[in-house]
Amino acid sequence: QVQLVESGGGLVQAGGSLRLSCAASGRTFSTYAMGWFRQAPGKEREFVAGISWTGSITRYADSVKGRFTISRDNAKNTEYLQMTSLKPEDTAVYYCAARPFTGPTTTSRDYEYWGQGTQVTDSS
């Protein structure tokens with residue numbers, strides 16, 4: 001069982017940066033691949049980024065590649081999403097997710113545990 005709590009969302013101007021964190025409970029965090037998804041109003045939840053349990057493999061949606069960086073610190077049971085060069089279309093609720101396998105996937109149904117989400121809003 002893993003419980004996930006996101007933080008770090010807020011208002012940010014276009015072109016700005018923000019770092020999201022996802023704190024996980026449980027002693028098995030290091031055995032879970034992790035992901036970030038987002039959902040904008042009226043849209044489906046979409047994959048943003050994913051990272052393997054060792055952190056050696058990362059995957060990104062084309063829309064955020066080169067702007068967002070996913071990372072994890074297994075000693076702190078925490079996953080991060082560094083977001084730079086933010087655009088108005090990045091406005092969404094961001095969710096972290098965990099799956100008890102080695103590698104990340106881009107499909108939300110592959111993830112077993114979810115956080116409650118944190119809002120990121122363009123303030124431009």
Side-chain angles (χ1 to χ4, degrees):
Q1 189 84 7
V2 176
Q3 292 185 323
L4 305 173
V5 179
E6 302 97 334
S7 61
L11 292 173
V12 59
Q13 288 189 337
S17 300
L18 210 56
R19 189 177 81 156
L20 305 183
S21 298
C22 174
S25 65
R27 294 175 291 178
T28 59
F29 175 75
S30 61
T31 64
Y32 285 76
M34 302 295 295
W36 286 97
F37 290 76
R38 67 186 181 187
Q39 188 166 19
K43 294 189 176 181
E44 297 287 320
R45 188 171 298 190
E46 64 175 1
F47 171 78
V48 175
I51 189 166
S52 63
W53 60 358
T54 63
S56 61
I57 299 171
T58 57
R59 301 180 70 175
Y60 296 94
D62 288 342
S63 59
V64 306
K65 201 170 293 183
R67 299 189 297 121
F68 291 10
T69 302
I70 189 171
S71 62
R72 66 189 296 162
D73 185 339
N74 287 343
K76 296 182 178 180
N77 280 12
T78 304
E79 174 196 33
Y80 304 98
L81 185 68
Q82 179 68 50
M83 306 185 293
T84 63
S85 302
L86 281 161
K87 303 177 180 180
E89 53 264 41
D90 294 320
T91 293
V93 177
Y94 284 71
Y95 299 89
C96 70
R99 62 189 303 265
F101 297 95
T102 59
T105 69
T106 62
T107 306
S108 59
R109 62 177 177 269
D110 291 339
Y111 290 79
E112 189 169 340
Y113 301 103
W114 292 84
Q116 83 289 346
T118 186
Q119 177 73 48
V120 173
T121 303
D122 171 45
S123 63
S124 301

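Note that the coordinates shown come from a computational prediction; the quantities given were computed from them, not determined experimentally.
Here CZ of Phe101 is found 14.5 Å from OG of Ser52. Values are rounded to the nearest 0.5 Å. Atoms CZ and CG, from Phe68 and Leu20 in turn, are 8.0 Å apart once rounded to the nearest 0.5 Å.
Nearest heavy atom pair, residue Gly10 against residue Leu18, reads N-CD2, 3.9 Å. Nearest heavy-atom pair across Pro104 and Met34 is CB-O, 4.0 Å. Residues Ile51 and Ser71 approach most closely at CD1-CA, 3.7 Å, considering heavy atoms. In this structure, Val48 and Tyr94 approach most closely via the heavy-atom pair CG2-CE2, 4.3 Å. Contact record, Glu6 with Trp36: CG-CZ3, 3.9 Å, taken as the closest heavy-atom pair. Across all their heavy atoms, Ala14 and Asp122 have their closest contact at N-OD1, 3.2 Å.
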Report task. Given side chain to side chain donor-acceptor pair (under 3.5 Å), test Tyr111 with Arg99 step by step and report yes or no. Result -> CA-CA 5 Å; Tyr111 290 79; Arg99 62 189 303 265; 5.2 Å; no
Report task. Would you please test Ser17 and Thr84 for side-chain contact (heavy atoms from CB on, under 4.5 Å) and show each step? Result -> CA-CA 4 Å; Ser17 300; Thr84 63; 3.6 Å; yes
Query raised in the report: When you look at Val64 and Met83, which way does the side-chain contact (heavy atoms from CB on, under 4.5 Å) test go after all the steps?
Result: CA-CA 9 Å; Val64 306; Met83 306 185 293; over 6 Å; no
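Cluster membership check: Val2 shares its hydrophobic cluster with Leu81, using side-chain heavy-atom separations under 4.5 Å among Ile, Leu, Val, Met, Phe, Trp and Tyr. In terms of hydrophobic clustering, with Ile, Leu, Val, Met, Phe, Trp and Tyr side chains grouped at heavy-atom distances under 4.5 Å, Tyr32 and Leu4 are assigned to a common cluster. Residues Phe37 and Tyr113 fall into different hydrophobic clusters, defined by Ile, Leu, Val, Met, Phe, Trp and Tyr side chains chained together at heavy-atom separations under 4.5 Å. Both Leu86 and Ile70 are part of a single hydrophobic cluster, where members link through side-chain heavy atoms under 4.5 Å apart.
By the neighbour-count criterion of 12 heavy atoms within 6.0 Å, atom CD of Gln119 is densely surrounded, having more than that number from other residues, nucleotides or ligands. More than 12 heavy atoms of other residues, nucleotides or ligands sit less than 6.0 Å from atom CD of Glu89.
Note that Arg72 lies in the cation-pi zone of Phe29, set by a 6.0 Å cut-off to the ring centre and a 45° limit from the axis.
Between Ser63 and Arg38 the shortest side-chain heavy-atom distance falls below 4.5 Å.
The existence of a salt bridge linking Lys87 and Asp90 is excluded, since no basic side-chain nitrogen approaches an acidic carboxylate oxygen closer than 4.0 Å.
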